[in-house]
Amino acid sequence: MLKKSFLISVIFTFALSILAFSNAESQTLPKISVKTNKKAYKPGESGVLTIKFKTASDVKIPTEPQVEVNLTGVTGTGLLGYPGGDYIESKQVKYGFTVSSEAESGSTITISGTVKFGYCDSGSGICKIGNQKFSVKIKIK
């Protein structure tokens, strides 16, 4: 009888482990949306990208590791006013950029890049690293 109880408890523990692992694996990668603060810029002008995280209700974006942004099409100048605390409560960050001073007037530039960020399930406490691509177009005055 003792052997049977032990075997049942081992099976039960194993089943709970599998369920916890499947919940961690089902944590959905947040989506992002990226917008510029204006539609048109002069050559050499600075601008701001607003990066919004679209998460499930139980997923939070931690401040550490810090959000990383890599850009092509313009020169990135860094995160602006990065929030303190454990999580980014507004679920958005701002990132500065500068248009090349050699950008041709009347042209359109595509700003593309990647955003690397952490995301955590507040229920289980499991955190992962996400990486999302984006692309936005701006006009040169």
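Values reported hereafter were calculated over all heavy atoms of this structure, with side chains retained and with hydrogens, waters and symmetry mates removed.
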Mind jotting down which residue pairs meet the side-chain hydrogen bond (donor to acceptor under 3.5 Å, both in side chains) criterion with at least one end in residues 55-75? Sequence neighbours excluded, please. T55-K91, T72-S112
Stepwise side chain to side chain contact (heavy atoms under 4.5 Å, CB included) check, V34 with I111: CA-CA 10 Å; V34 179; I111 303 173; over 6 Å; no
Taking only residues two or more places apart in sequence, or in another chain, which ones meet S105 in a side-chain contact (heavy atoms from CB on, under 4.5 Å)? none
Restricting to side-chain contact (heavy atoms from CB on, under 4.5 Å), what partner residues turn up for S100, sequence neighbours left out? E102
Hey, what else clusters with L80 if you join Ile, Leu, Val, Met, Phe, Trp, Tyr whenever side-chain heavy atoms sit under 4.5 Å? V48
Applying side chain to side chain contact (heavy atoms under 4.5 Å, CB included), run through F53 and V93 and close with a yes or a no. CA-CA 9 Å; F53 299 95; V93 294; 4.3 Å; yes
Non-neighbouring partners of F97 that pass ring pair (Phe, Tyr, Trp, His ring centres under 6.0 Å), sequence neighbours left out: Y41
Residues in side-chain hydrogen bond (donor to acceptor under 3.5 Å, both in side chains) with [X], at least two apart?
X   : answer
K38 : E45
T36 : none
S46 : T98
K94 : T50

Between T77 and Y95, the two heavy atoms sitting closest are N-CE2, 4.1 Å
Nearest 0.5 Å please: distance from the CD1 atom of I61 over to the CG atom of D86. 13.5 Å
Measuring from F117:CZ to I32:CD1, what's the distance to the nearest 0.5 Å? 6.5 Å
Test side chain to side chain contact (heavy atoms under 4.5 Å, CB included) applied to V67 and I88, step by step: CA-CA 10 Å; V67 174; I88 300 172; 4.0 Å; yes
Does a side-chain heavy-atom distance below 4.5 Å link P83 with E89? no
How would you list all residue pairs meeting ring-ring contact (aromatic ring centres under 6.0 Å, His included) that involve residues 73-93, not counting sequence neighbours? none
Given V74, L71, V115, N37, the one that forms side chain to side chain contact (heavy atoms under 4.5 Å, CB included) with L49: L71
Just distance, no hydrogens or angles: give the donor-acceptor pairs under 3.5 Å from side chains in residues 130-141, sequence neighbours left out.
from : atom 1 : to   : atom 2 : distance (Å)
K137 : NZ     : T110 : OG1    : 3.1

